[in-house]
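Below, chains carry the letters A, B, ... as their sequence lines are ordered, and counting in each starts from 1. The figures that follow rest on heavy atoms only: side chains count, while hydrogens, waters and symmetry mates do not.
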Amino acid sequence: MIKLESIYKNYNIGEHNESEVLKNISFLVKENDFTILRGPSGSGKSTILSIIGGLIKPTKGEVFVDGKSIAKLPDKFASLVRQEKIGFIFQKFNLIHELNTIDNITIPLLPGKLSRLEIEKRAEEILDDLSILNKKNVLVKKLSGGEQQRVAIARALINRPKIILADEPTANLDKKLSLSFIQIIKELKQKGITILLASHDPLFSELKCVDNFIDIQHGEIK
Amino acid sequence: MNFKLVDFTLKSLKRNMTKKLSVIFIFTVLVFLLVSVFSISSSIKKELLISVDSLPELIVQKMSGGRQTLIPVERAFEIASIPGVNNAYDRVWGYYFFENVNVNFTILGLDFDLETYKKKYDNIIEMNSDIIDTSNTPFMIAGKGVVEIFNSYYNPNYFDFIKGNGKRMRTNIAGSFSDESALETNDVILMPIQNVRELFDIEEHLATDIVVRVPNPEEIDVVKQKIQFMYPDCRLVSRQDIEASYQNVFDYKSGLFLSLLIAAFVAFFILIYDKTSGLSLEDKREIGILKAVGWQVENILQIKFIEGAIISLFSFSFGTGLALFYVYTLQAPLLRNLFTGASYLKPEFDLLPIVDLQVLSLIFILTVPIYIMATIIPSWRAAIIDADEVMH
Amino acid sequence: MFSDLTPTSKKILLVFIAVISFTILEIGYYNFEYRNLSSTILQKKKAVSLTQLPDLAFVTETVWLRHRSITSLFSVFPEDGNLLDYYPSSFVYNLQLPNKSKQVNQYSNEEPRNEF
Amino acid sequence: MSVLLIPEVIILFIEDFLLLVFNTIAVVIAYRIQKDFNINNTSSKQYSLEKQTYLASYIIKFSLYLKIASILFFVFTLDKLSTIIPGAMCAVGVTASSDYGIYLLLFKILNIYLFGFWLLLNKNDMNDESYPYTIIKFKYFLFVYVFFLFEMTLQYLYFFDINPQELVSCCGTVFYEATTSVVGQLTNIPNEISLPIFYIVFLLLIITTIKKYVLLNGILNLLFLVIGIITLISFFGTYVYELPTHRCPFCLLQSDYYYAGYAFYTFIILGTFFGIANAFIKTTVGLSLNYCKFSLLFNSMYILAVTIYPIRFYIINGVWL
């Protein structure tokens with residue numbers, strides 16, 4: 001499902017402060033796998049996720065998402081891949097605070113062809129699964145940390161993605177919320193979604209349902 | 001037309017309304033100014049143009065040394081004999097300067113056989129005919145402004161003109177023009193011809209100018225050439241010339257006004273450019289989120305364009321609505337003096353409520369593209385923000 | 001189509017359409033009002049056909065007399081050399097003098113240009 | 001008193017200045033892109049070039065819309081100028097009042113076609129992941145920019161050259177046998193020849209559309225545009241005016257003929273635009289599109305709209321004009 005081949009990534013190439021963030025990263029994530037990228041913060045985990053998501057382009061190397069090489073895709077088509085196949089969950093959730101829950105969740109599908117009614121029906125189903133349907137019209141800034149996290153998850157699921165990329169999802173959650181997050185991830189795995197999660201939270205190490213651990217140290221696979 | 005994007009744009013407009021309000025305000029004030037100035041000038045132009053076809057087709061004036069002099073009356077008979085001219089009559093008229101108020105009255109001589117005038121112009125002249133029948137002293141029909149001045153300065157029912165030789169000529173006020181034609185006749189005084197000749201001591205065989213009536217418009221140029229050929233010292237002013245000069249002067253004035261406004265358009269462009277490109281961190285973050293969840297650059301350009309279109313259409317129609325109300329209902333209280341100049345006689349007149357769609361489309365084509373052009377580069381710069389930097 | 005709009009944006013659209021339709025109605029109203037002004041317009045026409053004088057009585061007491069187009073040619077010169085005249089019909093001069101060549105008179109045989 | 005102080009003329013100049021500034025930005029981007037745009041390398045320069053393609057296409061798209069609006073406005077200005085220029089009854093006289101007039105009008109229409117072709121090319125380029133035609137389309141835009149500059153200078157020369165004191169001849173003489181002008185001779189082809197050609201070209205258009213000879217269709221569309229305008233002026237126009245001597249392309253736009261001209265010109269321009277665009281894209285880029293359908297649709301609407309007038313006239317009066 002996701003295949004990286006000798007990915008290199010340097011920032012501000014050619015200038016004095018050129019920094020090599022990723023060196024020769026290659027790994028494979030099979031269909032419906034739950035993989036954890038482990039490593040201290042600043043080791044390039046989120047850069048890898050951004051490259052897989054098509055947000056940034058690698059300096060060298062190939063990236064295959066669902067069998068399609070996206071490294072060289074122009075931004076227009078990279079965004080299309082992101083919209084159709086990938087759901088992003090960010091560390092700081094990155095929600096639009098002035099909009100209410102349902103508006104935040106439906107954003108990814110607005111440029112698409114679906115009518116608003118279908119989108120809202122789908123959003124309500126997801127909110128129901130995550131049991132925050134009662135907060136449908138509440139402004140996001142009024143929601144608690146856990147609820148915001150669930151809204152972020154709902155937004156990632158709205159376009160029925162094949163892949164979920166989560167970047168430090170439990171970084172600013174307390175233990176109880178992290179456990180409930182893991183519970184949600186397990187349900188997603190049953191639904192056949194491939195999950196790639198980057199985190200340095202020890203909580204994930206003892207998880208049984210994790211198929212594969214990849215350790216990243218200073219931009220290299222250990 | 002993706003209405004979901006329109007909906008998203010409208011909601012984002014509502015969210016950062018305070019920032020957008022300044023842009024809308026600037027745009028509306030500019031449109032308000034433009035529409036009101038152009039509407040006033042087009043309604044005054046309309047006022048002139050409606051009365052142009054009752055002007056004489058040709059006016060013959062004798063010139064010497066670049067100044068107009070009196071024209072021999074018998075020339076009128078020769079001109080009348082030209083085929084195509086149905087009648088040509090001489091006119092005696094001039095200006096009378098009234099020092100106390102520093103005003104010039106236009107005194108026009110008419111051969112007043114009352115019956116033809118009474119029925120022809122009764123609705124524009126309020127005659128009190130008893131004065132005329134009884135006394136044979138000179139009488140006059142005066143415009144509204146003239147009558148007011150006589151009431152306040154002199155005497156409500158007569159006025160003593162001072163002739164060239166210093167003697168007084170008492171003239172009774174026999175009637176006045178109606179209010180509606182104030183703008184055209186506010187300073188006009190009609191008097192019998194012999195009284196005007198007496199006042200300006202013009203001999204019997206001379207006149208001020210000659211009016212030539214040519215019923216068939218095609219003939220006017222031919223008749224004009226013939227008269228020019230007959231009297232090389234005369235200057236001929238045709239109605240078509242006057243109409244073209246009305247058109248010219250208003251284009252000249254509004255053109256001048258527009259070219260002075262170019263500085264304002266440049267300022268408008270820069271203001272809009274700077275207002276739309278000043279993206280707060282919050283806006284940048286929002287666009288980053290949109291791109292992160294799968295929006296393409298084109299989608300963001302689309303919502304920026306929709307936002308621009310909504311703001312420009314709204315401001316344009318709001319500005320136009322206000323301007324039309326200001327000009328035609330409130331009669332443009334301040335801006336009007338810019339056009340009408342200083343006149344002691346203060347002709348009160350209403351601006352003709354003529355809304356010229358050509359003027360509105362002219363202003364639309366002027367302001368909206370400037371606004372959209374000013375937002376092209378800022379919206380593009382916003383649309384290509386790297387989602388990745390904004391995320392962390 | 002309109003089902004894609006949420007209530008809040010419908011409100012904003014309503015305000016937007018209200019302003020536009022207000023302006024359109026206003027334009028219609030003024031044109032209608034102009035139509036029933038025909039009596040005053042007739043009076044203005046009659047007044048001018050009686051006095052036979054162009055221009056409007058805006059400015060009366062300054063040095064430039066009202067019907068300048070019909071009287072002296074250079075009265076505005078002392079004010080300021082390059083000042084174009086104030087009065088509408090005074091522009092007759094600009095059109096009048098140079099276009100003497102306009103008429104095909106016996107002096108010049110210049111054909112009017114008509115390459116198209 | 002030169003024409004320059006008329007508000008419409010000033011606005012035309014402001015619009016053109018805006019177009020000039022933004023198209024110059026677009027051409028600078030076009031030059032940079034066609035020099036070193038390569039989809040495969042992943043340098044940050046390539047990335048920024050890719051971003052700039054959005055700016056260029058946004059500018060050119062908006063320039064086309066503004067150009068269409070400004071050509072309409074240009075015709076209105078010509079109509080307004082006709083009251084000021086002695087001897088000109090309608091816009092034809094005003095265009096004839098300076099040598100640059102007719103060329104300016106032709107270039108304005110030509111530029112709309114060229115900009116339109118670019119946008120069609122751009123749409124197809126953007127839909128393909130590998131951005132295949134980017135370099136070609138921006139090389140083409142350099143070529144279009146030259147025409148655009150040409151039009152700007154022509155407009156500048158034209159409005160400075162108009163002299164409101166000069167007597168001009170209007171459509172009466174401009175389109176008649178005695179004229180020496182280029183367009184005059186063109187419209188003097190006798191109707192017996194131009195009409196059959198007009199209908200034959202249309203038949204050929206139908207055949208080439210069915211058989212998908214794209215290149216031939218494009219050329220025929222070009223011919224159809226020229227013949228269409230000529231027959232409109234010399235034959236169909238007279239039936240709209242119901243006056244055999246009145247041959248004028250602009251008076252059709254006036255209100256007393258129910259703005260028939262706008263319908264005619266929109267149909268013929270749209271029809272021929274899609275036809276020629278189809279051929280153009282096939283030749284430059286080798287991508288065959290199915291715009292022939294639209295071209296045939298609009299061309300047939302044009303033929304229908306134009307032939308109704310003589311037939312109606314014949315039915316009512318039972319005699320040809």
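With chain B as the partner, the residue from A:Lys113, A:Glu84, A:Arg155 showing the most heavy-atom pairs under 4.5 Å is A:Arg155. For the set B:Lys11, B:Glu286, B:Glu282, the entry with the most heavy-atom pairs within less than 4.5 Å of chain A is B:Lys11. Interface summary for chain B: among A:Ile119, A:Leu110, A:Ile96, the most heavy-atom pairs under 4.5 angstrom belong to A:Leu110. For the set A:Leu95, A:Leu80, A:Ile86, A:Ile107, the entry with the most heavy-atom pairs within less than 4.5 Å of chain B is A:Ile107. The choice from A:Thr47, A:Asn159, A:Val81, A:Asp103 that makes the most heavy-atom pairs within less than 4.5 Å of chain B is A:Asp103. Ranking A:Lys76, A:Glu98, A:His97 against chain B, the residue ahead of the rest is A:Lys76, based on heavy-atom pairs under 4.5 Å.
For the residue pair A:Thr59 / A:Asn10, a side-chain donor-acceptor distance below 3.5 Å is found, with atom types taken as modelled. Between the side chains of A:Ser144 and A:Glu147, at least one donor-acceptor pair of N or O atoms lies under 3.5 Å.
The contact between A:Leu114 and chain B is made entirely by backbone atoms, counting heavy-atom distances below 4.5 Å. Contact annotation for A:Leu109: only backbone heavy atoms (N, CA, C, O) come within less than 4.5 Å of a heavy atom of chain B. For a residue to count as touching a neighbouring chain, one of its non-hydrogen atoms must lie under 4.5 Å from one of that chain's; by this rule B:Gln302 does not touch chain A. Only the side chain of A:Tyr11 comes within contact range of chain B, with at least one heavy atom under 4.5 Å from a heavy atom of that chain. For a residue to count as touching a neighbouring chain, one of its non-hydrogen atoms must lie under 4.5 Å from one of that chain's; by this rule A:Ile56 touches chain B with the side chain only.
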Determine, stepwise, if the pair A:Ile105 / A:Val151 fulfils side chain to side chain contact (heavy atoms under 4.5 Å, CB included). CA-CA 7 Å; A:Ile105 287 172; A:Val151 169; 4.1 Å; yes
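Of the possible donor and acceptor atoms, none in the side chain of A:Lys121 sits under 3.5 Å from a partner among the backbone N and O of A:Arg116.
For the pair B:Lys275 and B:Tyr273, the cation-pi criterion (under 6.0 Å, within 45° of the ring axis) is not fulfilled. Geometric assessment of A:Lys60 against the ring of A:Tyr8 yields a positive cation-pi assignment under the 6.0 Å and 45° thresholds.
Between A:Phe64 and A:Glu5 there is a side-chain heavy-atom pair separated by less than 4.5 Å. At a threshold of 4.5 Å between non-hydrogen side-chain atoms, the residues B:Val23 and B:Tyr371 count as touching.
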